[in-house]
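Everything on this sheet refers to the single structure shown next.
Every chain is numbered from 1 and lettered A, B, ... according to where its sequence line falls, protein lines coming before strand lines. Bear in mind that the values here come from a model prediction, so they are computed numbers and not experimental data.
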There are 2 protein chains.
Amino acid sequence: MGNNFTKKCLELGISPSITRKKIYEYLETSRNHPTVDDIYRDLIDSLPTLSKTTVYNVLNLFLEHNLVESINTSNNEKRYEIKDEGHSHFTCKICNTIYDVPKVSTSYDSTRIPGFTIENEQVNLIGICPDCMKKI
Amino acid sequence: MGNNFTKKCLELGISPSITRKKIYEYLETSRNHPTVDDIYRDLIDSLPTLSKTTVYNVLNLFLEHNLVESINTSNNEKRYEIKDEGHSHFTCKICNTIYDVPKVSTSYDSTRIPGFTIENEQVNLIGICPDCMKKI
DNA sequence: GTCCTTGCAAAGCGTTTGCACAGAA
DNA sequence: TTCTGTGCAAACGCTTTGCAAGGAC
């Protein structure tokens, strides 16, 4: 897994610093769609001099190199995840948790939107998650 | 159209003030997915004492009553539109303009995500719009 | 030496909150 | 009078920027 990251960095021409590696591995392991604050709080123990600026720097670097994707939430904060086209999202409207769900495919008819070049499609299901259903 | 808004307000038990009416009609007419700033700038002439706080107040009221929806953009700003389930969005990754496109339906299999209650689905196509294609 | 990574402090920007004033009921 | 709509000013929270110190090469 670590070698995986190192290899990706070599390919991209960026250096696999320990900070970058820890952040990447955190994203790869937690699968939590964390905020910058989440990442900072969870890594400050193993990287005692870490700053939020560095978390932002690293994530923006990862975004530029398409290693991660960001999700814009209703709280005007960004959440991050390893780039992975193989899933869609379910957002619970009560607790705002974002869940990964098996990819939801769409059936858009490109002839109905001529002139537009479609490169990607995002599907977000919205509703109530099992945990919140129990509490109702 | 104006009567339409007044009627909706009566149903919802909120007063159809001139400010609220202008903001609603602006959203209904422009179809621009405007930001709060856009709305403020475009209405300040006809509502000289308007403040951004009021625009926020009115939009949040509309959100509570399901008259409008908000879209979270990558710039951490919200954009607003009249509630209308009949369309999906296309976002140009170059100019960031959001276009309304005919509704894109999905084929999610709810048996694959048991326990989740799905109430809504959002589809966003991402790519390059005709205007930006010309410039490349 | 140069280049790059890191991180503190401050600024920036969209949004919300506190509060007060004015108008409607 | 009481309630509601409005709006100024300040606070708030997430993110970016300026810049300097330290380390790699």
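For A:Thr19, a side-chain nitrogen or oxygen approaches OP1 or OP2 of C:dT6 to under 4.0 Å. The shortest distance between the side-chain N/O atoms of B:Asn60 and the OP1/OP2 oxygens of C:dT16 is below 4.0 Å.
Atom C1' of nucleotide D:dT4 and atom CG of B:Asn57 are separated by 12 Å, given to the nearest angstrom. Atoms CD1 (B:Ile18) and P (D:dT4) sit 21 Å apart, rounded to a whole Å. B:Tyr56 has its OH atom 17 Å from the P atom of D:dT6, to the nearest Å. Between the CD atom of B:Glu64 and the P atom of D:dG5 there is a distance of 11 Å, given to the nearest Å. Between B:Tyr80 atom OH and C:dT15 atom P there is a gap of 5 Å when expressed in whole angstrom units. In this structure, A:Tyr40 atom OH and C:dC8 atom P are separated by 7 Å, rounded to whole Å. If you take CD of A:Glu77 and C1' of D:dC12, they are 14 Å apart, rounded to a whole angstrom. Spacing between atom CG of A:Leu59 and atom C1' of C:dT6 amounts to 14 Å, rounded to whole angstrom units.
Looking only at atom types and distance, the side chain of B:Asp38 has no donor-acceptor partner in the side chain of B:His33 under 3.5 Å away. For the residue pair B:Glu77 / B:Thr35, no side-chain donor-acceptor distance below 3.5 Å is found, with atom types taken as modelled. A donor and an acceptor atom, one from each side chain of B:Ser105 and A:Ser107, are located under 3.5 Å apart. When only modelled atom types and interatomic distance are considered, B:Gln122 and A:His89 share no side-chain donor-acceptor pair under 3.5 Å. Using modelled atom types, one finds no donor on one side chain facing an acceptor on the other under 3.5 Å when comparing A:Asn72 with B:Ser74.
The listed nucleotides are D:dT16, C:dT15, D:dG7; the one nearest the side chain of B:Val36 is C:dT15. Proximity note for B:Thr49 (side chain, C-beta onward) versus D:dT6, C:dT16, D:dT15: the nearest is D:dT6. The side chain of B:Arg20 lies closest to D:dG5 when the candidates are C:dT16, D:dT15, D:dG5. Residue A:Ser17 places its side chain closer to C:dT5 than to any other of D:dT6, C:dT5, C:dT17. Ranking D:dG7, C:dC8, C:dG14 by closeness to the B:Leu50 side chain, first place goes to D:dG7. Closest to the side chain of A:Thr54, out of C:dT15, C:dA9, C:dT6, is C:dT6.
Counting any heavy atom pair closer than 4.0 Å across all strands shown, B:Thr35 reaches no nucleic acid atom. Residue-level contact check: A:Lys52 touches neither bases nor backbone, having no heavy atom under 4.0 Å from any strand.
One cannot find a donor-acceptor pair under 3.5 Å joining the base of C:dA24 and the side-chain atoms of B:Ser15.
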